[in-house]
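What follows is one structure encoded as structure tokens, with my remarks underneath.
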There are 2 protein chains.
Amino acid sequence: MLTELHARVKKHLRENDVRYSTGRQKFIAALHAAGGPRSATHLHTSELDDVPLSSLYRTLTVLENVGVLERTHDGDGVAMFELGEWLLGHHHHLICTSCDIVTDIDLGNDLENAVAEISATVAASHGFTMTGHTLDVLGLCEDCG
Amino acid sequence: MLTELHARVKKHLRENDVRYSTGRQKFIAALHAAGGPRSATHLHTSELDDVPLSSLYRTLTVLENVGVLERTHDGDGVAMFELGEWLLGHHHHLICTSCDIVTDIDLGNDLENAVAEISATVAASHGFTMTGHTLDVLGLCEDCG
DNA sequence: TTAATAATGAGAATGGCTATCATTATACAT
DNA sequence: ATGTATAATGATAGCCATTCTCATTATTAA
Ligand SMILES: [Mn+2]
Ligand SMILES: [Mn+2]
Ligand SMILES: [Zn+2]
Ligand SMILES: [Zn+2]
């Protein structure tokens with residue numbers, strides 16, 4: 001629910017002495033509606049065309065620094081932004097190699113535990129201290145397939 | 001073995017009417033020694049400091065276009081290059097969030113099959129046509145941990 | 001209301017990467 | 001071997017996503 005998301009972000013920002021301005025609220029709403037990570041250009045052309053790119057990028061950086069956003073990169077190295085895991089929950093991605101749209105997916109408890117255990121096993125066997133994992137499924141989305 | 005790698009790349013390039021020049025051979029040798037994907041800057045400063053960056057980038061593009069290299073991106077969106085899967089075999093990555101070094105790992109048949117099956121299952125349940133998967137383990141490498 | 005501080009917007013600057021083009025090296029036919 | 005066609009190289013300029021600067025505006029709190 002968007003109202004609850006706003007409340008959680010607002011509280012988090014207040015704790016970090018960062019203001020939840022109108023522009024930042026519009027931005028969070030746009031990302032909430034997206035259903036997956038989106039690039040600055042995508043957000044700018046689709047939802048936030050009245051916000052200057054310099055302001056949009058600064059908003060992204062500010063919210064990332066405080067942990068509200070996470071930054072990834074698409075196949076061309078362009079930055080993509082989504083809500084942090086503590087807001088969205090742990091999940092994975094379907095990446096369409098044709099239209100480049102990324103969709104959030106939840107594995108469910110059984111599959112998620114299996115992935116976590118596999119990751120932990122292989123990390124341990126290499127003397128690696130695991131803090132997380134990423135599983136992306138590549139292919140064609142329902143529209144492109 | 002490096003000699004065999006050179007032979008396979010040479011054959012592949014010949015079939016695509018691309019020459020396996022001395023510079024390209026040095027580049028393949030450097031990547032072979034790396035043990036994981038590396039950025040153009042990393043390769044330039046460590047192994048190939050006498051090769052101009054413009055030539056290095058062109059080499060990367062040419063070898064990627066013909067399928068000898070695959071391009072990914074690190075946490076800052078900087079391009080990383082590694083040998084294609086048909087040369088290196090399917091594998092996954094340990095990504096150190098401290099020093100940013102990426103290490104190739106092989107899951108072994110059992111774990112690999114499990115990951116592939118999980119990916120296929122979740123793809124199917126979303127009407128997604130899977131063509132591949134990526135599993136990265138994040139954390140601290142043996143040196144940084 | 002005022003003073004202090006934070007957010008915004010316009011534009012310049014940065015940096016990784018690519019395009020251009022003249023020069024040099026390689027392959028192949030003669 | 002020699003010449004010719006074509007590909008590779010290197011210096012440089014250009015591109016574009018992103019960040020920085022700084023003057024202006026909005027928000028907070030005394
Ligand atoms: Mn996501
Ligand atoms: Mn690899
Ligand atoms: Zn698609
Ligand atoms: Zn490390």
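Keep in mind the model is a prediction, meaning the values are calculated, not measured. Within every chain, numbering begins at 1; the chains are lettered A, B, ... in the order of the sequence lines, protein sequences first and strands thereafter.
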Using a cut-off of under 3.5 Å, enumerate the N/O to N/O pairs linking the protein to nucleotides 27-30 of chain C.
none

Atom pairs under 3.5 Å: protein N/O with N/O of nucleotides 9-13 of chain D:
from	atom 1	to	atom 2	distance (Å)
D:dT9	OP1	B:S21	OG	2.7
D:dG10	OP2	B:S55	OG	2.9
D:dG10	N7	B:R58	NH2	2.5
D:dG10	O6	B:R58	NH2	3.4
D:dA11	N7	B:S54	OG	3.1

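Counting only residues at least two apart or in different chains, ring-ring contact (aromatic ring centres under 6.0 Å, His included) contacts with residues 112-145 of chain B comprise B:H90-B:H133, B:H92-B:H133. Screening residues 13-42 of chain B for ring-ring contact (aromatic ring centres under 6.0 Å, His included) gives B:H6-B:Y20 as the qualifying pairs, with residues at least two apart or on separate chains.
In this structure, NZ of A:K10 is placed 13 Å from C1' of D:dT28, rounded to the nearest angstrom. Atom pair A:Q25:CD and C:dT8:C1' shows a separation of 15 Å (rounding to whole Å applied). C:dT8 atom P lies 12 Å from atom CZ of A:F27, rounded to whole Å. What separates CG of A:L13 from C1' of D:dT28 is a distance of 15 Å, to the nearest Å. Going from atom CG of B:L53 over to atom C1' of C:dC17 covers 10 Å, rounded to whole Å. D:dC16 atom P lies 21 Å from atom NE2 of A:H42, rounded to whole Å.
No contact: A:V62 has no heavy atom under 4.0 Å from any strand.
For the segment residues 63-82 of chain B, the set of residues with a heavy atom within less than 4.0 Å of an atom of DNA chain D is empty. Across residues 34-41 of chain B, not one residue has a non-hydrogen atom less than 4.0 Å from an atom of DNA chain D.
In this structure, CG on B:L13 lies 7.5 Å from CD1 on B:I28, to the nearest 0.5 angstrom. One distance of note links CE of A:M80 with CG of A:L43; it measures 9.0 Å at 0.5 Å rounding.
Within the 4.5 Å cutoff, no side-chain heavy atoms of B:T41 are placed close to those of B:V78.
Counting heavy-atom neighbours within 6.0 Å of B:Q25 CD, excluding the residue itself, gives a total above 12. B:D49 CG: more than 12 foreign heavy atoms inside a 6.0 Å radius.
Side chain of A:R71 to backbone of A:A79: no donor-acceptor contact under 3.5 angstrom is found. A distance-only check finds no donor-acceptor pair linking the side chain of B:R38 to the backbone of B:I101 [under 3.5 Å]. A donor-acceptor contact shorter than 3.5 Å links the side chain of A:H73 to the backbone of B:G75. Between the side chain of A:R8 and the backbone N or O of A:W86, at least one donor-acceptor pair lies under 3.5 Å.
Residue A:Y57 places no side-chain N or O under 4.0 Å from the OP1 or OP2 atom of D:dT19. Checking the phosphate oxygens (OP1, OP2) of D:dT18, no side-chain nitrogen or oxygen of A:T61 falls inside 4.0 Å.
Just one residue in the list A:L31, A:L48, A:T59 forms a side-chain contact (heavy atoms from CB on, under 4.5 Å) with A:K26, and that residue is A:L48.
B:L135 approaches A:S119 most closely through the heavy-atom pair CD1-OG, 4.0 Å. Residue A:L2 comes nearest to A:A29 through the heavy atom pair CD1-CA, 4.0 Å, listed as atom of the first residue, atom of the second, then distance.
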